[in-house]
Participant: 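Below you'll find the structure I mean.
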Amino acid sequence: MEELLNNYTSVFPDTATSWVRVGHTSDFPENGGACVKHGKLQIAVFNFSLTSKWYACQNLCPHKLEMVLSRGMTGDTDGIPKVACPLHKKTFSLEDGSNLNGESYQIATYPVKIQDNMVYIGFSDK
Ligand code: FES
């Protein structure tokens, strides 16, 4: 199972080597999340429609290794967009994947861009 976690590594806009189209903006719920697959990866994509911002992170919660984060509660703490796992409420920053409960669990995040109403996620081959 640890192997699953190792599949996920954060990508930043300037380290993305490819941008993968994952759907139309209307495919994603407003102020909510949806899961997309990219190879072996499951990626949670979040549409913060109130702020017109999009975020992506691993769908795998590192706490019990469950593929659930796309179904988590979203919100923000002091302006940091976040998702809380629906199972045990571990909470993660969608900006850098850090754990907002002060625990060691972290998640990988990915850049998102919108072009012509299509949603793209940035990945790195490295
Ligand atoms: S599985 Fe996500 S917090 Fe426990």
Side-chain angles (χ1 to χ4, degrees):
M1 287 297 266
E2 287 296 315
E3 199 181 304
L4 264 181
L5 264 181
N6 294 335
N7 288 334
Y8 295 95
T9 305
S10 283
V11 177
F12 304 96
D14 55 345
T15 60
T17 54
S18 61
W19 290 87
V20 175
R21 191 171 68 188
V22 295
H24 192 274
T25 52
S26 62
D27 295 332
F28 297 87
E30 293 191 355
N31 296 308
C35 180
V36 299
K37 285 195 80 175
H38 176 63
K40 286 192 276 186
L41 305 181
Q42 286 190 28
I43 305 294
V45 181
F46 297 99
N47 171 9
F48 278 52
S49 43
L50 288 177
T51 53
S52 301
K53 297 255 176 93
W54 290 73
Y55 302 94
C57 67
Q58 64 186 52
N59 194 35
L60 180 70
C61 179
H63 178 224
K64 296 288 185 188
L65 303 182
E66 300 282 350
M67 294 289 189
V68 291
L69 290 182
S70 65
R71 293 188 278 120
M73 286 279 294
T74 55
D76 80 273
T77 297
D78 299 330
I80 300 171
K82 65 181 182 180
V83 60
C85 176
L87 295 183
H88 311 104
K89 308 292 183 267
K90 306 288 184 198
T91 305
F92 304 95
S93 161
L94 289 171
E95 284 182 343
D96 65 6
S98 60
N99 183 297
L100 298 175
N101 305 115
E103 297 161 316
S104 58
Y105 308 107
Q106 289 211 332
I107 58 171
T109 58
Y110 300 84
V112 181
K113 69 180 179 185
I114 308 296
Q115 274 180 351
D116 299 329
N117 291 318
M118 301 303 289
V119 182
Y120 295 80
I121 298 177
F123 293 99
S124 170
D125 299 330
K126 294 173 191 164

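Both ligands and their constituent atoms are indexed starting at 1 by order of listing.
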Participant: Tell me which N, O or S atom of His63 sits nearest to atom 4 (Fe) of ligand 1.
Facilitator: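 Relative to atom 4 (Fe) of ligand 1, the closest nitrogen, oxygen or sulfur of His63 carries the name ND1.
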Participant: Rounded to 10 degrees, what angle sits at atom 2 (Fe) of ligand 1 between Cys85 SG and Cys61 SG?
Facilitator: 110°
Participant: Cation-pi between Lys113 and Trp19: NZ/CZ under 6.0 Å from ring centre and within 45° of the ring axis?
Facilitator: yes
Participant: Considering only heavy atoms from C-beta outward, does the side chain of Leu100 approach that of Phe92 to under 4.5 Å?
Facilitator: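 Side chain of Leu100 against side chain of Phe92, heavy atoms only: no contact under 4.5 Å found.
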Participant: Considering heavy atoms of the protein only, find what lies nearest to atom 3 (S) of ligand 1 and give residue, atom and distance to 0.1 Å.
Facilitator: Lys90 CG, 3.0 Å
Participant: Closest N/O/S atom of His88 to atom 4 (Fe) of ligand 1, by atom name?
Facilitator: ND1
Participant: Look at the aromatic rings of Phe48 and Tyr55 and report parallel, tilted or perpendicular, splitting at 30° and 60°.
Facilitator: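 Perpendicular: the ring planes of Phe48 and Tyr55 meet at over 60°.
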Participant: Determine whether a donor-acceptor pair (N or O, by modelled atom type, separation under 3.5 Å) exists between the side chain of Asp96 and the backbone of Ser98.
Facilitator: yes
